[in-house]
Amino acid sequence: MANKVDIRIVKSKDSLMSALVSLLQKKKLEDLSISEVCQEANVNRNTFYSHYTNIRELFEEMKGQYLESLLSSSKVFLESNDSVNRTLLNVLEKMKAKDKLTKVILTEASSTSFLYTLLQILIPQLNPSENISNLLSDHEYSSFVLGGVANILMLWVSTGFKESPKTLSRKLATLIEELNNID
């Protein structure tokens, strides 16, 4: 028999995550108390502790679900070996649609590793030109390119998503293509 999902658990966790997003727009994660999160979510502490041991655990689950949603929305593009531009466009549109959650997750200390993990999956093929290969190993080259893309995405988020996902994905895909073709 298939496992049934308890709707009360789903609702409690959703309330806690929504409360955390709301509070993280005003305070840093380490400055939040469980009581504040519970009050914002309108749940009691026992409910919180039945799912999580601390706020960091709640945040990590929320971050994992967010990463999973970004990747699952891009699965079709990745499996069909679609262009980097289309794959990035899909993800950037999702990021902008969930702007508050995106900003909260990316402004936390672990945002660089989060973006790097996401980008490693979205842009699996980075091929340095021969001249670049003489200077950098494949791993160094990937770190260089993905680090640059991650910083551009952080800037995009911090400036309020002013550039459209379409424009930004086109810029990033062109940049990656040009870097792969430098001779």
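What you are looking at is a predicted structure, and each value in this text was computed from that prediction instead of being measured.
- Under the 3.5 Å distance criterion, the side-chain polar atoms of S169 are left unmatched by any main-chain donor or acceptor of L88.
- L153 places none of its side-chain heavy atoms less than 4.5 Å from the side chain of V157.
- Counting only distance, with no hydrogens or angles, the side chain of S22 and the backbone of S18 share no donor-acceptor pair below 3.5 Å.
- Here K63 does not pair with E108 in a salt bridge; the nearest charged N to carboxylate O distance is not below 4.0 Å.
- Of the residues V43, V21, N42, I34, the one that meets the side chain to side chain contact (heavy atoms under 4.5 Å, CB included) test with L16 is V43.
- No side-chain donor from either of S72 and E68 sits under 3.5 Å from a side-chain acceptor of the other.
- N151 places a side-chain N or O within donor-acceptor distance of the main-chain N or O of G147, the cut-off being under 3.5 Å.
- With 3.5 Å as the limit, one finds a donor-acceptor pair spanning the side chains of T47 and N44.
- Between the side chain of S69 and the backbone N or O of Y66 there is at least one donor-acceptor pair closer than 3.5 Å.
- If you check the side chains of S164 and T167, you find a donor sitting under 3.5 Å from an acceptor.
- A donor-acceptor distance shorter than 3.5 angstrom exists from the side chain of T159 to the backbone of L155, with no hydrogens or angles considered.
- In this structure a side-chain-to-backbone donor-acceptor pair under 3.5 Å is present from N85 to R170.
- Ring geometry, W156 versus F161: the interplanar angle exceeds 60°, so the pair is classed perpendicular (tilted spans 30 to 60°).
- The shortest side-chain heavy-atom distance between M17 and L20 does not fall under the 4.5 Å cut-off.
- For CD of Q39, the number of neighbouring non-hydrogen atoms (other residues, nucleotides, ligands) closer than 6.0 Å is 12 at most.
- Comment: E30 does not engage R56 in a salt bridge, judged by the lack of any side-chain N to carboxylate O separation of less than 4.0 angstrom.
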